[in-house]
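These notes concern the structure reproduced below.
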Amino acid sequence: MATFFEEASHTFNEYLLVPGYSDSNCIPANVSLKTPLVKFKKGEKPAIEMNTPMISAIMQSVSGDRLAIALAKEGGVSFIYGSQSIEDEAAMVARVKGYKAGFVTSDSNIRPDATLREVVALKEATGQSTVAVTEDGTANGKLVGIVTGRDYRLSRMSLDQKVETFMTPLSKLIYAKEGTTLSEANDIIWDNKLNSLPIVSDDGHLHSFVFRKDYEQHKSNPNELLDASKRYVVGAGINTRDYAQRVPALIEAGADVLCIDSSEGYTEWQKLTIEYVRKNYGDKVKIGAGNVVDGEGFRFLADCGADFIKVGIGGGSICITRETKGIGRGQATALIDVCKARDEYFKETGVYVPVCSDGGIVHDHHITLALAMGADFVMLGRYFARFDESPSAKVNVNGTLMKEYWGEGSNRARNWQRYDLGGAGKLSFEEGVDSYVPYAGKLSDNVRQTLAKVKSTMCNCGALTIPEFQQKAKLTLVSSVSIVEGGAHDVVLKSKRID
């Protein structure tokens, strides 16, 4: 006889928070959303803490290097998708780690015998106004000059004019030698009123640039998540097949944390993957696992040594696992069950293993509900896929701007490793769809608005931190009629016009 759960499984939309007492100190400006990303022992601090309880899904249409940088600026962590070659994934990780170091490898380079036409084309392709002129046109060639927008006027110059005739030559440039610290470089920039400072090796080869805008961005992004070397924190996805080759490459590239990308985590495959990491790297390398939907699955992965555990099967907007295989559980019920097991595990062992809620989040307030139910942070796919920084194309669909969004279980992704059950190396049937999501603009604007809602609700419940929120939160199930009552009803809405 099968095991039957007495209670029906519920979604986030079936719950509401009941307000609690708020004192005068309980205002959004005082709320801290700091949360642990990886496990820690009682009385100790986690090796990695996030300033924002959001991570991006390990998906081709979501987590590239651009989104990883944008999310780290807001205090969260992106997990670069693993359904690509090891070399390409490692290169994405390396670009994220190199971006915030302050010493940026030049991605706009040209030879001195190139033409103004080529400069214009390069600027359009990269969006960079500062072009390094090197002898061989590479990022680390011998530096001979720089071209910026101040060096040419398209209305008065021929597009065939050679770069060497209008560039600012090295003899007139202010530059620094390799070995200069970031603080010293920024002082040189400010003292000399520069927009950029080339860093040059002893033999005259370009090493990197330091830009004034990076310093200014740091000041405008107080929540940015940095490692000990002031570089952005970034995660990377791995699978249970090629981990012996992929993990070393990702660690070498600088990945701060790994996560096994799988539709179902209660398997020996994940145990073997974690064992490989522990045997070769000990506790130095952090690795998340999942997904599970009950306390039994959580305890299995916790005992295996996972640094955090993801909860959720079939709740993602592009996931059809429940429909295709009849596997899964309502996200709210799954999360509550797993978080209960997490707390019991902590009492028994003194080890706190963070829980990530993955899937089922449709509205911003669902993030708040997930945190109240015990999640330490949430993983989001559709949410991030809508933004400028996601890797997918922006398209016009019937007059509306959309972004392409496809599941890792779709034929388009060809990510059979994610659904690997030890069989043939192929995707036998789809567990995800290929779709569109409404384009929503910049990540920073949207994340800040979402977090403003989360903080406001926490204040309504009298909490200033996530642990306090989880302790004080009061949740109530709602009826289908109550859900209707919660939205605009019995009125005629005015059409929204943009003048």
Side-chain angles (χ1 to χ4, degrees), residues 5 7-15 35-39 50 53-59 76-77 79 235 237 257-267 270-271 274 286-319 321-322 325 327-346 351-362 366-383 407-409 418-419 431 466 469-470 473 475:
F5 291 89
E7 182 189 86
S9 64
H10 298 288
T11 66
F12 291 131
N13 227 35
E14 296 175 80
Y15 285 90
T35 193
L37 176 61
V38 296
K39 69 181 180 184
M50 296 190 293
M54 303 167 82
I55 64 175
S56 68
I58 309 168
M59 299 175 69
V77 175
F79 282 80
V257 57
L258 307 175
C259 185
I260 303 172
D261 181 29
S262 175
S263 64
E264 206 275 292
Y266 194 178
T267 71
Q270 297 222 357
K271 179 181 179 181
I274 297 170
K286 307 303 179 183
I287 178 170
N291 289 19
V292 298
V293 291
D294 63 6
E296 189 177 318
F298 169 87
R299 185 168 284 270
F300 170 77
L301 290 176
D303 287 340
C304 287
D307 284 293
F308 67 85
I309 294 171
K310 293 196 293 147
V311 178
I313 293 176
S317 59
I318 41 67
C319 184
T321 294
R322 297 180 193 174
K325 296 170 64 177
I327 290 281
R329 199 177 189 188
Q331 187 65 15
T333 300
L335 181 61
I336 293 167
D337 192 359
V338 170
C339 289
K340 180 181 178 182
R342 186 265 322 278
D343 293 344
E344 291 172 352
Y345 190 85
F346 182 49
V351 176
Y352 187 91
V353 183
V355 166
C356 168
S357 181
D358 176 18
I361 290 175
V362 180
H366 290 171
I367 297 174
T368 318
L369 286 168
L371 296 175
M373 291 172 183
D376 296 281
F377 51 93
V378 296
M379 175 174 269
L380 303 164
R382 180 197 62 84
Y383 179 89
E408 290 297 298
R418 188 177 196 272
Y419 301 85
E431 292 189 44
I466 291 175
F469 182 43
Q470 291 166 346
L475 291 148

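A distance of 5.0 Å separates CD1 of Ile313 from CD of Glu264, quoted to the nearest 0.5 Å. Atom NZ of Lys39 sits about 14.5 Å away from atom CG of Asp376, to the nearest 0.5 Å. Taking CG of Leu301 as the reference point, atom CD1 of Ile287 lies at 10.0 Å (rounded to 0.5 Å). Rounding to the nearest 0.5 angstrom, the gap separating the CG atom in Leu380 from the CE atom in Met59 is 11.0 Å. Note that CD1 of Ile58 and CZ of Phe79 are 6.5 Å apart. Values are rounded to the nearest 0.5 Å. Between atom OG of residue Ser9 and atom CG of residue Leu335 there is a gap of 13.0 Å, rounded to the nearest 0.5 Å.
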Query - CA sep, side-chain torsions, deciding dist, call: Gln270, Cys304, side chain to side chain contact (heavy atoms under 4.5 Å, CB included) - result: CA-CA 8 Å; Gln270 297 222 357; Cys304 287; over 6 Å; no
Requested in this report: With side chain to side chain contact (heavy atoms under 4.5 Å, CB included) as the test, would you mind laying out the steps for Val257 and Asp307 before giving the verdict?
Outcome: CA-CA 9 Å; Val257 57; Asp307 284 293; 6.0 Å; no
Requested in this report: Output, in order, the C-alpha distance, side-chain angles, deciding distance and verdict of side chain to side chain contact (heavy atoms under 4.5 Å, CB included) for Gln331 and Thr11.
Outcome: CA-CA 5 Å; Gln331 187 65 15; Thr11 66; 5.9 Å; no
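Listed by chain and number, the residues in a side-chain hydrogen bond (donor to acceptor under 3.5 Å, both in side chains) with Glu344 amount to none (sequence neighbours excluded). The side chain to side chain contact (heavy atoms under 4.5 Å, CB included) test applied to Asp337 returns Asp294, Arg329, not counting sequence neighbours. Scanning for side chain to side chain contact (heavy atoms under 4.5 Å, CB included) contacts around Gln470 gives Ile466, with sequence neighbours left out.
Ring geometry for His10 against Tyr15 counts as perpendicular: the plane angle is over 60°, on a 0 to 90° scale with 30° as the lower cut. By the 30° and 60° cut-offs, the orientation of the rings of Tyr345 relative to Phe298 is perpendicular.
Ile309 and Ala302 get closest at one heavy-atom pair: CD1-N, 3.6 Å. Closest of all the heavy-atom pairs between Ala306 and Ala289 is CB-CB, 3.9 Å. Of all non-hydrogen atoms in Phe377 and Met54, the two that sit nearest each other are CB-N, 4.3 Å. Contact detail for Val353 and Phe308: the closest heavy-atom pair is CG1-CA, 4.0 Å. Of all heavy-atom pairs spanning Val338 and Val293, the tightest one is CG2-C, 4.0 Å. Ser357 approaches Ala375 most closely through the heavy-atom pair CB-CB, 4.0 Å.
Formation of a donor-acceptor pair under 3.5 Å by the Ser262 side chain with backbone atoms of Gly265 is not found in this model.
Side-chain contact between Asn13 and Val362 is absent, with no heavy atoms from C-beta onward closer than 4.5 Å.
Atom NZ of Lys286 has more than 12 heavy atoms from other residues, nucleotides or ligands within 6.0 Å.
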